[in-house]
Amino acid sequence: MLSSVNPSVKAMTILIPGVLLAFMFDIFTPLAYLIFTVAMTFILSDIPVKRYLAIFSPFIIVALGFSWMTMLYTSDRFAGGEIVFSFLWFDITEGAIITAVSLGIRSLCIVALSLMFVLTTDSTKFMLSLMQQAKLPPKLTFGILAGYRFLPTFRHEFEVLRQAHRIRGVGRAKGIRGRIRQFRRYSIPLMANAIRKAERVAIAMESKGFTGSTGRTHYHEMKVGRKDWMFFSAFVTAFFAVVFASYLFGYLNIFGYQF
Amino acid sequence: MKRNQRKDDIQPLVDVSSFSFGFEEKEAPVLNDLSFNIQRGETVLLMGPSGSGKSTLALCLNRLYPAAVEGWTKGTIRFKGSDTASYRDGELNQQIGVVFQDPESQFCMITVENELAFTLENLHTPRGEMDGRMEEVLEATGMTEYRYRNIHELSGGEKQKIALASVLLLNPDLLILDEPTANLDPASRKMFIDLISRLKEDWNMSVLVIEHQLDDWVEQTDRVLAVNSEGRLFLEGAPDSVFYDRFQELKAEGIHLPKVVKTAVENGIPGRPLSEADLVSGRVPDPAASEHKSPAMPGSSGTILSLNQVAFSRKKKSVLKDVSLEIRQGEFLAIAGENGAGKSTLLQLMAGLLKPSSGSRTFLDKAFEKWDEKDLRRQLGFVFQNPEHQFITDTVYDEITFGMKLNGAGEPVMEQRAKELMTKFHLSGKKYSNPFSLSGGQKRRLSVASMLDDTPELLLFDEPTFGQDARTTDELMKIISSLQQSGTAVVFVTHDMDLVDRYCERVCVISSGTIAFSGSPDKLWNRPDLVAGARLRLPFRARIQQAVKGEKPHAVVR
Amino acid sequence: MSNRLTEFKEMLNSWKLKEIVLMSLLGVVFAVIYLMFYFFGMGLTNVLTPFGLAPFGYEIIFGIWFIVSIVAAYIIRKPGAALVSETIAATVQVLLGSPAGPRLIISGIIQGLGAEVAFAATRWKNYTLSVLVLAGVSAAVFSFVWGWFISGFAALSPGLVVAMFIVRCLSGALLAGLLGKYVSDQLANTGVLRGYALGKERQNKREKKSA
């Protein structure tokens, strides 16, 4: 079901709560919406739980790191309340903990929204939909797709480079200078090849009659239907419902102002 | 559709008159005062040495040049009677189809289906007709079952057929083939050429073939054009008269003549044969004598590398199982096999770049695990398919001396050795050039030279001649054999059985993860089952020999 | 608004398809290369975690995200190169399955705008090192403001925010501006850029030298 939602609508749908969440500094709002998003992801698609967790779990660690930093260095405006515990020379207050956990969960919520998009959207269809619904010029649409196609090529080339450098006796780089030299050794051949390929692909595309004009027929007609708008309104409505509930329960906190 | 049927019939499809093209105002033109035409239904073969602007001409014909490169032109090219400059953007491209050399960079979509759709959309084909058109071209190219596949998973030969299929969608009046088989293995190459000869009649196309590897094309050619290194047209005519009357002239221009013609001229075979079948009916005395140059075994000596029941899996998929192989000192071994058979994997296992999942490996009587990486690399060189992957410095000199520097050699020693190597590999004038800025052949030679700071016991090559023109291939093979003559063992992966036939004393065929054959090339040629199973093509010499003996002339498998 | 749109379309028409494909390919190449830096950042993060400074591990390498716009602007030298290339690179990352999702495209546009502003200030005439470094810093500033909003830096103590800001600007200056110029110059030396502004500039210089 999720994979059949129009990609442009889907992208817009997750952008709205994604941006609005940035205003919320309480725990309840992002947590409730995180639960909603993950639940909807599993209800509306058949992504294996294991695969989802494998992709999702590293972000928990990142979120923890961010929360931990926030907890230690909360700004005065957010660091109200009792001191809960002390660590090294830091005093951690109740307000700091709430803010830190909120920001951590917020970042996870955004990851969950993004994953819902990324795991259920076909890249080609996303671009085609951007062209057909969001009026992205064909020149950009197919130009981007043409580059994207080369991912496996460059991944493979990267591996070969690694081997070739080993043969030449260059091991893993150490220090900043070594890093930069290593960066150069990888990027020059990859980029040189990218430039040649870009020229060839562009010529090949044009030789098949591609002019970049918007007047073209579409093999995959990307449509926006009732189902797409239902999906959109469900996610946006749910967001405001969560915010409203948060307000009723007295949790809602927008940029440090309690409501 | 064709309004001026009568007019179309009398005027040439393409009419080029005094046409010149250059990239920069100040530089010499790449194409120099060309005049020729292409008639409807005709197949024209355009040949010339590397760098003679052949590919540039293809792009001038469909008017992508000069706009794409901001170059300049003089003279006119007419297509169906009208100046190509007067066509609207894209209009010409929808009537002229081009298949390019590099199978990797002709597509912009992930799947075959979407790639075909891309072309149809460019043509404004109504959506309802797309399906039928796709089926039609896929069937024509024999690729029906590949419709939903990802393009990047296909082999080079399959990619080129998809490139051809998408060009057929244009229903082109003119099909331009710009070295379409240069990056293919010989078996796929032959298949592609045969496909063209079948299709051009049915699709009613004129064909312009741009090539320097002429074999197999000649038999279906109506007319031959030859350009020289200054971009001038210097020969034009029917294939038999061009090849046989102007044999010396072509040779002097550095154009590689078809093997059939060479064999016929060198053996004084009458009848001006252009195909292998004609050559054979002209009764070749003994083609073996002229071509076969497999070197004699240098005195048998010890084993330097051995693999013992080695197996390798990637992502739980078995690539190689139970491979045992010994490399003897100073031997010349080729590894052949189908795409994806595990040839490169085997080579990487020999180089110690990969670890086997089971089995043992020793090099110079010492297990691989016990080798110090630095010492190992001095004794064992590896030349990658793409030379650029190996370049890690800014100049040719630094590149050659890099290994010596790592090993702590002094400046005078390095200077001396680098000088020797640069002379031997014809790189003397390029001491301070950037490795990436060298020509294809120079890059190739540099990549070998950079492995020779010490004299290694073993040199491994991963398809060193892949995508190289005939001259570079010859040069490289000469260098490799001279290294082998001086005592270094050489192992190389290749699809090219002509090379194997000429240079190798032993060949291993990898098939379904094991060594299916190991022995002399001559023995392999007499095993059609193996040759077929590994999708190899017999070398020219063996094909002729077997045909003379009255056996099946083409042992190529579909 | 529609005026802007037609302006954008005109700009796009002056672009060659090969330049657009190139920007997309650079996005792919740097997506692959970024892996190298990602692990580098991981190592740093581990050291910094106990002090609550884990996110600094990423701040230090943040500049590498802007390198595409610097490289593209420096090589192609057309108005919009920095903006379009960064946006394309971000879009490619989304297609590659970046867990940041479509929001990354917005980040890309903002970062690209940041770099573009610096080039626009010179009317797209000056591509010297100082301008490139400035563009890197400018991209860092833009991205930081966006990050401040979206990641909730408002809740962090001002001292820390300033420190993060400085680190990101430095990273933008070095990893985007300086490294971007260095890599592009090295690339120009290989001769593959003959068809682009940077390559042509090189050619002219060489001709003047030899004349």
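Letters A, B, ... are given to chains in the order of the sequence lines, protein chains preceding strands, and every chain is numbered from 1.
Contact count versus chain A (heavy atoms, under 4.5 Å) is highest, among B:Gly97, B:Ala117, B:Ser105, for B:Ser105. Options B:Gln390, B:Gln385, B:Met130, B:Arg127 differ in how many heavy-atom pairs under 4.5 Å they form with chain A, and the most are formed by B:Arg127. Ranked by heavy-atom pairs shorter than 4.5 Å toward chain A, the options B:Leu354, B:Leu353, B:Thr393, B:Asn407 are led by B:Leu353. Considering only heavy-atom pairs separated by less than 4.5 Å from chain A, the leading option among B:Val98, B:Leu64, B:Leu59, B:Thr119 is B:Leu64. Among B:Arg378, B:Arg63, B:Met134, the residue making the largest number of heavy-atom pairs under 4.5 Å with chain A is B:Met134. Heavy-atom pairs under 4.5 Å with chain A were tallied for B:Val383, B:Ile392, B:Leu406; the largest tally goes to B:Ile392.
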Problem set entry | Trace of the side-chain hydrogen bond (donor to acceptor under 3.5 Å, both in side chains) decision for B:Ser450 with B:Glu399 | CA-CA 6 Å; B:Ser450 67; B:Glu399 202 60 33; 5.0 Å; no
For this session: Give the intermediate values and the outcome of side-chain hydrogen bond (donor to acceptor under 3.5 Å, both in side chains) for residues A:Tyr219 and B:Glu113.
Result: CA-CA 10 Å; A:Tyr219 180 64; B:Glu113 182 183 38; 2.4 Å; yes
Problem set entry | Test log, rule side-chain hydrogen bond (donor to acceptor under 3.5 Å, both in side chains), inputs B:Glu121 and A:His218 | CA-CA 6 Å; B:Glu121 291 169 359; A:His218 301 295; 4.9 Å; no
For this session: Decide yes or no on side-chain hydrogen bond (donor to acceptor under 3.5 Å, both in side chains) for B:Asn122 and B:Gln94, but give the supporting numbers first.
Result: CA-CA 8 Å; B:Asn122 294 342; B:Gln94 296 175 1; over 6 Å; no
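Scanning residues 132-152 of chain A against chain B with a 4.5 Å heavy-atom cutoff picks out A:Phe142, A:Leu145, A:Ala146, A:Tyr148, A:Arg149, A:Phe150, A:Pro152, ordered by number. Contacts of residues 105-126 of chain A with chain B at a heavy-atom distance below 4.5 Å involve A:Thr124, listed in sequence order. Heavy-atom neighbours of chain B within the stretch residues 197-216 of chain A, taken at a separation under 4.5 angstrom, comprise A:Lys197, A:Arg200, A:Val201, A:Ile203, A:Ala204, A:Met205, A:Glu206, A:Ser207, A:Lys208, A:Gly209, A:Phe210, A:Thr211, A:Gly215, A:Arg216.
Heavy atoms from other residues, nucleotides or ligands lying under 6.0 Å from NE2 of A:His156 number 12 at most. With a 6.0 Å radius and a threshold of 12 heavy atoms from other residues, nucleotides or ligands, A:Asp46 has its CG atom at or below the threshold. Within 6.0 Å of atom CE in A:Met1, more than 12 heavy atoms from other residues, nucleotides or ligands are found, so the atom counts as buried in its surroundings.
Minimum interatomic distance between B:Leu123 and B:Leu170 (heavy atoms only, all atoms of both residues): CD2-CD2, 3.8 Å. Among all heavy-atom pairs drawn from B:Met451 and B:Pro456, the shortest one is O-CG, 3.9 Å. The two atoms that bring B:Ala58 and B:Ile176 nearest to each other are CB-CG2, 3.7 Å, heavy atoms only.
In this structure, chain A has no heavy atom under 4.5 Å from any part of B:Leu92. The contact between B:Asp89 and chain A is made by backbone and side chain atoms together, counting heavy-atom distances below 4.5 Å. Using a 4.5 Å cut-off between heavy atoms, B:Asp453 does not touch chain A at all. For B:Tyr65, the part lying under 4.5 angstrom from a heavy atom of chain A is the side chain only. For chain B, the nearby part of A:Arg196 is the side chain; its heavy atoms alone come within less than 4.5 Å.
For the side-chain contact (heavy atoms from CB on, under 4.5 Å) test, residues two or more places apart in sequence or in another chain that qualify with B:Val319 are B:Phe312, B:Arg314, B:Thr345.
By the 30° and 60° cut-offs, the orientation of the rings of B:Trp371 relative to B:Phe363 is tilted.
Of the residues B:Glu153, B:His152, B:Gln106, B:Glu104, the one that meets the side chain to side chain donor-acceptor pair (under 3.5 Å) test with B:Lys159 is B:Glu104.
Side-chain contact, B:Thr125 with A:Thr217: no donor N or O sits under 3.5 Å from an acceptor N or O.
Proximity of the aromatic rings of B:Phe461 and B:Phe384 is defined here by a centroid distance below 6.0 angstrom, and this criterion is not met. Here the two rings, on A:Phe231 and A:Phe235, have centers that are under 6.0 Å apart. The ring of A:Tyr33 has its center closer than 6.0 angstrom to the ring center of A:Phe36.
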